[in-house]
Amino acid sequence: MGHPTRDVDADVVIVGAGVFGAAIATALARQGRSVFLLERSLKEPDRIVGELMQPGGVRALEKLGLRHCLDDIDAIPVHGYHIIFNDRPVTIPYPKDDFQATTKQAQTTTGLSFHHGRFVQKLRAAATKEPNVSVVETEVDGLIKTEGSSQVLGVKGLTAGKRDYFFAPLTIVADGYRSKFRAENSSRKPVAKSKFWALELHDVLLPAPCFGHVLIGPFSPVLLYQIGTHDTRALVNVPDGLEAAQAANEGVLQYMRDHVLPQLPPAVQPAFLESLDKGRLRCMPNSFLPAVPSRVPGLIVAGDALNMRHPLTGGGMTVALNDVVLLTELLSPSKIPDLHDASLVLRQAKAFHWRRKRHSLIINVLAQALYILFAADDFYLEALQQGCFEYFKKGGSCVDTPAGLLGGLIQRPLVLVYHFFAVAWLSVWALLLSQPIWKLLITLVQCGGVLLKACWVLFPYIAAELAR
Ligand SMILES: Cc1cc2nc3c(=O)[nH]c(=O)nc-3n(C[C@H](O)[C@H](O)[C@H](O)COP(=O)(O)OP(=O)(O)OC[C@H]3O[C@@H](n4cnc5c(N)ncnc54)[C@H](O)[C@@H]3O)c2cc1C
């Protein structure tokens, strides 16, 4: 048995200094808690995730006093989405009106896009500045529990090959999408049915600068957004098992050349081709994981380790940062004077599970539902896809409200249900008008199919969100 190099304690141990972990470390420290922030690599992350932050995420950073972490990282303002559906464009800007305003103060309605690693380094630097936070580069490889009970007392890690033990009455696990420790709290596993393949393009002028671009057509959805003055991210969705992207057809690279490249705006094509030729293609699974309540005393699982949704709408960081705001409030010393009170901590963690639905349900369900619509692969979904596009074309509240939902600015789940079914009815109406009168009977049956499909798209995800 090796000898411990350190055996130390604090109020809170946080596993993972990513978006969630680094932000909550600062927030808890500012409440007077002592914190260990443990991260396996403190080098600037070079990842293809978490590059577009919704205005709802920017607001959460403002509430946490961490808005400055978006400064000096060459971030690009994002005013909404520009959707290109079979070569026809529609722009859906974030609303200027503030749906949540409780004060007369103007609030942010602009998002930002950037290099993920630069933002995370700023969050880590903010945590490091807090006198109560000790940031340690260590690979956490186990939880420490009380003998004969499941209560978590801290974690152990390997620091430069040496064994370390970190003790705290509360351990927050925020170790990301491939979490090693989420299974300690729940047997639920992420489900991924597609991957995003990523390229970085240089010096591209997008059709609508300062908007996130979503391309929809006879190919799986493609996202384009600027992440720096000279850099643009292209994310190409490739469903698992997509025949055109199988190895027999020289795989994803060939799929990009044959099926994606010709569909891109002409101004983007040369840079896309150049990036393809360089061959730095990277991919990430697009996972869905509904959250579960905390069950283990002394342990809270959070961030992507707890909850994931398809990244099509870029909502992950917004959920994570709003979770930080809420959890920090629920764990505040005025509510839990002593974190050793494990049953009180567990009660607050359960409250967190339900109260976070206000901001997480809409983003999670919308991401899953829009992905199914945008990647439509049958007659009914194509009808809904068409209806969705026509809905956005109407403008006014048919654009403002969906954009407010996507941007994390509206936190009323019934508003989502209302607009989703408004899209479904419009799809039915468009279908009715498009068919000759002698086909009426068949068309009516098809309309019923479209409405049923809309229920099939939406309700399972709402149910998954509300399941215990
Ligand atoms: C393809 C893709 C694109 C995305 N794009 C967007 C987007 O544009 N906008 C958006 O808002 N969201 C996006 N997301 C989601 C977003 O990236 C995540 O929701 C967010 O990063 C979650 O933050 P986190 O802190 O939970 O995890 P992470 O940011 O992944 O942080 C986890 C941290 O834990 C550390 N760690 C892991 N294991 C250990 C260990 N054993 N010991 C010590 N440290 C450990 C890791 O090194 C890492 O630093 C995207 C996701 C995908 C898959």
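Given the structure is predicted, the values throughout are model-derived calculations rather than measurements. Counting starts at 1 for both ligands and their atoms, in listed order.
- Annotation: Phe196 places no N or O atom under 3.5 Å from an N or O atom of ligand 1; distance criterion only.
- The protein heavy atom nearest to atom 31 (O) of ligand 1 is Gly18 CA, 3.3 Å.
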Arg163 vs Asp141, side chain to side chain contact (heavy atoms under 4.5 Å, CB included): CA-CA, chis, key distance, verdict = CA-CA 10 Å; Arg163 177 61 64 209; Asp141 59 0; 2.9 Å; yes
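- Closest protein heavy atom to atom 11 (O) of ligand 1: Met317 N, 2.7 Å.
- Comparing heavy-atom distances from atom 36 (N) of ligand 1 across Leu321, Asn237, Asp175, Asp304 singles out Asp175 as nearest.
- In this comparison of Gly50, Gly303, Gly176, the heavy atom closest to atom 13 (C) of ligand 1 sits on Gly50.
- Under 4.0 angstrom from ligand 1, the non-hydrogen atoms of Arg47 all belong to its side chain.
- Considering only non-hydrogen protein atoms, atom 25 (O) of ligand 1 sits nearest to Phe20 N, 2.9 Å.
- Listed by number with element, the atoms of ligand 1 under 4.0 angstrom from any heavy atom of Glu139 are 41 (N), 42 (N).
- Of the options Ser287, Gly16, Ala174, the smallest heavy-atom separation from atom 32 (C) of ligand 1 is shown by Ala174.
- Among the atoms of Asn286, none of the N or O lies under 3.5 angstrom from an N or O of ligand 1.
- In Thr138, the part holding a heavy atom less than 4.0 Å from any atom of ligand 1 is the backbone.
- Although no hydrogens or angles enter the test, the distance criterion places a donor-acceptor pair under 3.5 Å between the side chain of Asn132 and the main chain of Ala29.
- Ligand 1 has no nitrogen or oxygen under 3.5 angstrom from a nitrogen or oxygen of Ala302.
- In terms of N/O distances under 3.5 Å, ligand 1 is not approached by Pro285.
- Only the side chain of Arg124 comes within 4.0 Å of ligand 1, counting heavy atoms alone; its backbone N, CA, C and O stay farther away.
- Counting only heavy atoms of the protein, atom 43 (C) of ligand 1 lies nearest to Arg40 N, 3.2 Å.
- Asp164 and Thr159 form a side-chain donor-acceptor contact under 3.5 Å, judged by distance and modelled atom types alone.
- For the pair Gly316 and ligand 1, the shortest N or O to N or O distance falls below 3.5 Å.
- With atom 29 (O) of ligand 1 as the reference point, the heavy atom nearest to it among Val19, Val78, Asp323, Thr318 is part of Val19.
- Looking at Glu39 against ligand 1, both its backbone and its side chain come within 4.0 Å, counting heavy atoms.
- Within the structure, ligand 1 has Glu51 among the residues with a heavy atom less than 4.0 angstrom away.
- Outside the 6.0 Å centre-distance limit, the rings of Tyr225 and His82 are not counted as a close aromatic pair.
- Between the side chains of Asn286 and Tyr371, no donor-acceptor pair is found at a separation under 3.5 Å.
- Of the options Val133, Ile336, Leu170, a side chain to side chain contact (heavy atoms under 4.5 Å, CB included) to Arg33 is made by Ile336 and by none of the others.
- Taking all atoms of both residues into account, the shortest heavy-atom contact from Asp240 to Ala192 is OD2-O, 3.4 Å.
- Ligand 1 lies nowhere less than 4.0 angstrom from a heavy atom belonging to Ala320.
- Note: Phe114 and Phe119 have tilted aromatic rings, judged against thresholds of 30 and 60 degrees for the angle between ring planes.
- Side-chain atoms of His230 never come within 3.5 Å of backbone atoms of Gly228 as a donor-acceptor pair (strictly under, hydrogens ignored).
- A donor-acceptor contact closer than 3.5 angstrom is absent between the side chains of Gln121 and Arg118.
- Interface atoms of ligand 1 facing Val140, defined by a heavy-atom separation under 4.0 Å, are 40 (C), 41 (N), 42 (N), 43 (C).
- Considering Glu184, Arg295, Arg182 in turn, Arg182 is the only one that fulfils the side chain to side chain contact (heavy atoms under 4.5 Å, CB included) rule with Val301.
- A donor-acceptor contact shorter than 3.5 Å links the side chain of His116 to the backbone of Val49.
- For a threshold of 3.5 Å applied to N or O pairs, the pair formed by Pro311 and ligand 1 contains no separation below that value.
- Partner of Arg233 under the side-chain hydrogen bond (donor to acceptor under 3.5 Å, both in side chains) criterion, chosen from Glu51, His115, Gln226: Glu51.
- Applying ring-ring contact (aromatic ring centres under 6.0 Å, His included) to Phe85 and the options Phe389, Phe374, Phe219 leaves one that passes, Phe389.
- Taking every heavy atom of Leu52 and a limit of under 4.0 angstrom, the matching atoms of ligand 1 come to 7 (C), 8 (O), 9 (N), 10 (C), 11 (O).
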